[in-house]
Number of protein chains: 2
Amino acid sequence: MRWDEIDQQPCSIARTLSVVGDRWTLLILRECFMGVRRFEVFEERLGMSRHRLSDRLQRLVEDGVLRKEPYQDKPLRHEYRLTDKGKDLYPVLLSLVRWGDRWMDQGKGPPVIYRHRGCGKLTTPVLTCSECGEPLGARDVMPLAGPGLRADKQGA
Amino acid sequence: MRWDEIDQQPCSIARTLSVVGDRWTLLILRECFMGVRRFEVFEERLGMSRHRLSDRLQRLVEDGVLRKEPYQDKPLRHEYRLTDKGKDLYPVLLSLVRWGDRWMDQGKGPPVIYRHRGCGKLTTPVLTCSECGEPLGARDVMPLAGPGLRADKQGA
DNA sequence: AATATTGGTTCTATTATGGAACTATGTCAA
DNA sequence: TTGACATAGTTCCATAATAGAACCAATATT
């Protein structure tokens, strides 16, 4: 199976990965959430080739994750900003951070810590049940066929 | 920057992606969480080449996400099982599911829905603050330098 | 002895990526 | 009015990664 066929499965993980699942995209989005909007700044902070960066940004715009907006004319220049669809990827980023903090910190503790503006405390994000608020682990959850699944095969 | 240098940044997202950030790994882990343990079953359900599958499983074992255990001898056969480190990736998968359900369902609704065994209700996972339980969005959280960051550069 | 089962490895053609050089549109200073 | 600077790309080529098919290995079954 080639990568461009990956989103054809009735699986939300595969479909999400078809948008953000390549090697650079989630790092690009990390920069977006840190306020980066311009091509040169992405390039400099990410250390990726302009070639790939250009391609990836364009695709993210096509996929509705970023939008390209002029910030000046003469010469016309654009910047890349998160759409609502893009902003909604924040929990994905945070859960990646959480795992990296716990398992990949090289014994030095997390490189970045987070203060929750709401309650003022340092927070470690937890994925919880929307209905009862309890944390969700693999064993706590029972997957069932949903409306998006007909006579189709696998999914998650 | 090449991919094998990516984990050298003081950034938990980059470090996590250095383990699970290639095109197939998170789909392999999806299967693990659905109970798949054997090479042939991974191959059949994922539709990826044996070549890549073999390579990826091996790397996941090296990285401590899966462990390889014999389930019979004569002939000796192994299966791949999630370690604690691997199981802890569940929130990453669930947050990918959540986004795909919301933005990539092609108007048909989610392919899979989840019942929380704890409270018995259908649940949509929410990332919340460990301290106060409120949902966390990008604007609700203030990143600060953590102990893992010294004179280093960027991070998240 | 031939076939099946499971779990791989090897090989080659195709595709993706990194990195350097080049292009385009303007500004500004000498 | 020429030359340097700034921003945002695009083009080109060598290298790396991937898909897919064929092959290999240990043992069981017929």
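A note on names: the letters A, B, ... follow the listed sequences, proteins ahead of strands, and every chain is numbered from 1. Since the model is a prediction, treat every value here as computed from it, not as a measurement.
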Inset, instruction - For A/Trp99 and B/Lys85, indicate whether the former's side chain and the latter's backbone hold a donor-acceptor pair under 3.5 Å. - result: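 Side chain of A/Trp99 to backbone of B/Lys85, a donor-acceptor pair under 3.5 Å: yes, one is there.
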Legend entry - Residues A/Arg23, B/Asp22: salt bridge by 4.0 Å N-O rule: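 So A/Arg23 does not pair with B/Asp22 through a salt bridge.
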Legend entry - Pair A/Glu79 + A/Arg37: basic N to acidic O under 4.0 Å: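 Salt bridge: yes.
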Measure from [atom1] on [X] to [atom2] on [N] and round the result to the nearest Å.
X: A/Glu69; N: D/dA8; atom1: CD; atom2: P; value: 14 Å
X: B/Glu44; N: C/dG8; atom1: CD; atom2: P; value: 16 Å
X: A/Asp73; N: D/dA8; atom1: CG; atom2: P; value: 14 Å
X: A/Phe39; N: C/dT25; atom1: CZ; atom2: C1'; value: 16 Å
X: A/Lys74; N: D/dT7; atom1: NZ; atom2: P; value: 18 Å

Inset, instruction - Can you figure out which of C/dT9, D/dA8, C/dT5 approaches the side chain of B/Arg77 most closely? - result: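 Ranking C/dT9, D/dA8, C/dT5 by closest atom to the B/Arg77 side chain puts C/dT5 first.
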Inset, instruction - For B/Phe42, report the nucleic acid contact type (base, sugar-phosphate, nothing); a contact means any heavy atom under 4.0 Å. - result: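 Result for B/Phe42 = nothing.
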Legend entry - Under 4.0 angstrom between A/Tyr80 side-chain N/O and D/dG9 OP1 or OP2: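 Answer is yes, contact under 4.0 Å.
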Inset, instruction - Please determine if a side-chain N or O atom of B/Lys68 lies less than 4.0 Å away from the OP1 or OP2 oxygen of C/dG8. - result: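 Yes.
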Inset, instruction - Could you pick out which residue, A/Pro75 or B/Pro75, lies toward the 5' side of DNA chain C when each is mapped onto its nearest nucleotide? - result: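 The residue mapped nearer the 5' terminus is B/Pro75.
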Inset, instruction - Let me have a per-nucleotide readout for nucleotides 11-18 of chain D, 5' to 3', with B, S or -, counting only protein heavy atoms under 4.0 Å. - result: BB----SS
Inset, instruction - Could you tell me which residues satisfy side chain to side chain contact (heavy atoms under 4.5 Å, CB included) with B/Arg2, sequence neighbours excluded, listed by chain and number? - result: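 By the side chain to side chain contact (heavy atoms under 4.5 Å, CB included) rule, B/Arg2 matches B/Asp4, B/Glu5.
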Inset, instruction - State, to 0.1 Å, how close A/Leu144 and B/Leu122 come at their nearest heavy-atom pair, and which atoms those are. - result: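 The answer is CD1-CD2, 4.3 Å.
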Legend entry - Donor + acceptor pair across side chains of A/Thr25, A/Arg56 (<3.5 Å):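 Yes.
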